[in-house]
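Note sheet for the following structure.
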Amino acid sequence: MSDWRERADASLDWLVDTSAVQRILVSLTSLAFAVLLGTVLVFVSGFVADCTDPFILLPGVGYGCYNPVEMYGTMFTGAFGSLTALGRTLQETTLLLFTGLSVAVAFRAGLFNIGTQGQLVLGALGAALTVLTLGERVPGNVLGALVVIPAGVVVGALVGGAWGAIPGVMKAYADAHEVITTIMLNFVATGIAFWAVQNHVGNLESDSVQTHAIPEIARLPASISGARFSIYALVGALAIAVAIYLLYTRTVLGYELRTSGIQETAAEYGGVNAKRNVVTSMTLSGALGGIAGAVYVMMVQYRWQAGIPALGFDGVAVSILASNNPLGVIPAALLFGGMKSGSVAVDLSLGVPNELVEVLRGLIILFIAMPEFFRALGKRAGYGAGGEAE
Amino acid sequence: MNAPTVSRRQGLALGAVLFGLFVFAFVVDGGRGLIGDVTGVVSASYLASAFRLTVPIAFAAMGGIFAEKSGVINIGLEGLLIIGAFGAVASLWGLSATPIGPNVWLAFLFAVLASTFVALLFAIVCIEFKADQIIAGLAVWLIALGFAPFASIVIWNQTNSPSVGTFSPIEIPVLSALPNVGSLFSVTPPVLLLVLAVPFSWYLLNHTPFGMWIEASGEDPKSLDTAGISVRHVRYAGVLLSGIYCGIGGAGLALNTGQFVGSGDTMVDGRGWIGLTAYLIGNYNPVNAFLASFLFAGLDALQLELQQIAGYDVSSTLVGIIPYVAVLIVLTLVGRTRMPAEAGEHYESDE
């Protein structure tokens, strides 16, 4: 008899068993293949799209609008080419660090938390309402900011953590698989937040579903002009990445959290309360998702507004690309952040829809999920058995 | 097989939905008078609209059953529906520029082919490359969620397509002329296909050798292999069926309104996930999965009718989350669903 849990463990095993070098190779190769497929998609799409100055004419096929080489060039300059571009990239990177870490914390413990998005949406709402309420009651200076901003982050973490604890409890005590529950809870979270803002806590005069704008003192100060990016948030995210790394490698709790998710029976045998640890892992994961939401409100949007971007799903890609390593999440988030901010420039100047990044996100996840693909690739390249996984 | 579990599960599902309705009655202003109006809007045209809304959910659910019973968990149903919906509208739009003209049936066929092709890729990834089925299914969803609006913008310069045309309803002779219930017998082809597909799927699974192979492939692939049937082929068949079903469901959804909406969660808007909840609640039985789908679609239709006819200010958002809450309650109270023993496991033939 096997159920989804055992299966999930087995599937994570191959990532855990392979060496660090192999994992980096797998990530980079997946990225390369995803980009290659993305390039083909862009090139082919160029023949469907209409444009005034096509870059290529293939006899019998027609005019191609999109030049992939030019596109990647624009993507790079759009991400790192100027101080403002860098600011936008770092803004995305900061948010992706939080969501990537949220997913990684759960994956490390053998739990597929696909629910970061819902935790983020509710955490964002909690943070927005907190700073809106507190903002009126504190002085409008630095001291007020020092009260309001941490309060927003803490409430975001609490709300996200509580929402993350739900699938944790359902998993630990009712054996409901967390992939299903977290995906369903994403829809529930988005629905509840939308309804609450539309009918009760939002700006009811506004035509769009949104809260009032948060006060100035609750906004994280911009570190680079022209971009809503705050170095404080980035430093905080990096510190959390290191802290989580240390938690898992240097502390007993980290060890217990990992074994409880992956080897529940073994953990219980060793005197560990595995069920409670599953809940703890999911709560921690949810809290990070909630902080991502709080930072999104206080650094980027300055209010809760319907249609929060799918940063939680980006987090899944970031975490998988990083082999769920908290430190690996840092370069993975920077890479994704660069792709996201660069794709906006690509959309503006070349007309290639920035939804391309979403396609790449899915492709990266898909490639990393295929161990046999890399083994076959390894054999082709003449590396014998191509890795000792399995 | 495990009859008590089934009835208990269904009882709970029903209880959960009724509980949801109960809560919902309080949320609506003037909830008490609601019950009277609910009975007022339940008419033949309401049922017809509920049937149309059931199409994508029930087809996704039945497709998911075939895939998972054969041993491949396909959580990419939502993505396949998106491909089906987009494929139908894009094909119809493309066809209208050719000498063939806007042939709805041909567009429908192309949509099913597109969804089946993506399902084939998913099957190759899972069966040949031994991908993790959950992650690969998630990837299918995310890729489709990005690809459909991407392609919409490339083709139409915006995430929503223009109106391209719809299926015209088929009038069933005599019955459609009946007073009151006549509108039930003026059905669109996807609804007709659904009505045929439910008993067909049930029969295929329970009363044919193919159904037995699907069952064995998920429960006990070793015996199937010993009996000389290729587990690989059966699993391919299971996944491809889910692709065909989702193609029909997605195309049926899009050709009902005649437009593809690619913004947000696209026009599919979680219906693939609701399909997944429907077959979990229906315990892998196509008929029960259909009933669960119909229940969820019926709630959706009810909400629409209440707003339009009775003038209620019903929160469509809250009605929309009822299926998800229902499945969460069922999963929590019943615990794990009785899924096929070897679902998700890769099978190595000894040959």
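Naming convention: chains lettered A, B, ... in sequence-line order (proteins, then strands); numbering from 1 in each chain. Please read all numbers here as calculations on a predicted model, not as lab measurements.
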Subject >> Intermediate values then yes/no, side chain to side chain donor-acceptor pair (under 3.5 Å), A:Ser319 and A:Asn324 >> reply: CA-CA 5 Å; A:Ser319 177; A:Asn324 309 320; 2.8 Å; yes
Original post:
What do the steps show when you test A:Tyr66 against A:Phe47 for ring pair (Phe, Tyr, Trp, His ring centres under 6.0 Å), and what is the final call?
Top reply: CA-CA 8 Å; A:Tyr66 307 144; A:Phe47 289 93; 9.5 Å; no
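- In this structure, chain A has no heavy atom under 4.5 Å from any part of B:Trp156.
- If you measure heavy-atom distances from A:Ile364 to chain B, you find no contacts under 4.5 Å at all.
- A donor-acceptor distance shorter than 3.5 angstrom exists from the side chain of B:Glu78 to the backbone of B:Gly272, with no hydrogens or angles considered.
- For A:Tyr173, no part lies under 4.5 angstrom from a heavy atom of chain B.
- Using a 4.5 Å cut-off between heavy atoms, A:Leu363 touches chain B through backbone and side chain atoms alike.
- In this structure, chain B has no heavy atom under 4.5 Å from any part of A:Val169.
- For the side-chain contact (heavy atoms from CB on, under 4.5 Å) with A:Phe313, the lone residue among A:Asn186, A:Val103, A:Thr116 that qualifies is A:Asn186.
- With a 4.5 angstrom heavy-atom cutoff, B:Asp265 touches chain A only via side-chain atoms.
- Looking only at heavy-atom pairs under 4.5 Å with chain B, the residue among A:Ile114, A:Val188, A:Thr181 that has the most is A:Val188.
- Interface summary for chain B: among A:Ile192, A:Val316, A:Leu41, the most heavy-atom pairs under 4.5 angstrom belong to A:Leu41.
- Closest approach of B:Arg271 to B:Pro56, counting heavy atoms only: CD-CG, 3.6 Å.
- The two atoms that bring A:Phe112 and A:Glu178 nearest to each other are N-OE2, 2.9 Å, heavy atoms only.
- One finds no salt bridge joining B:Lys222 and B:Glu342 here, because no Lys/Arg side-chain nitrogen approaches an Asp/Glu carboxylate oxygen to under 4.0 Å.
- Within a 6.0 Å sphere centred on OH of A:Tyr63, other residues, nucleotides and ligands contribute 12 heavy atoms or fewer.
- Heavy atoms closer than 4.5 Å to chain A are found in the side chain of B:Thr159, but not in its backbone.
- For the set B:Val154, B:Asn157, B:Ile155, the entry with the most heavy-atom pairs within less than 4.5 Å of chain A is B:Val154.
- Proximity to chain A is absent for every atom of B:Ile274, based on heavy atoms less than 4.5 angstrom apart.
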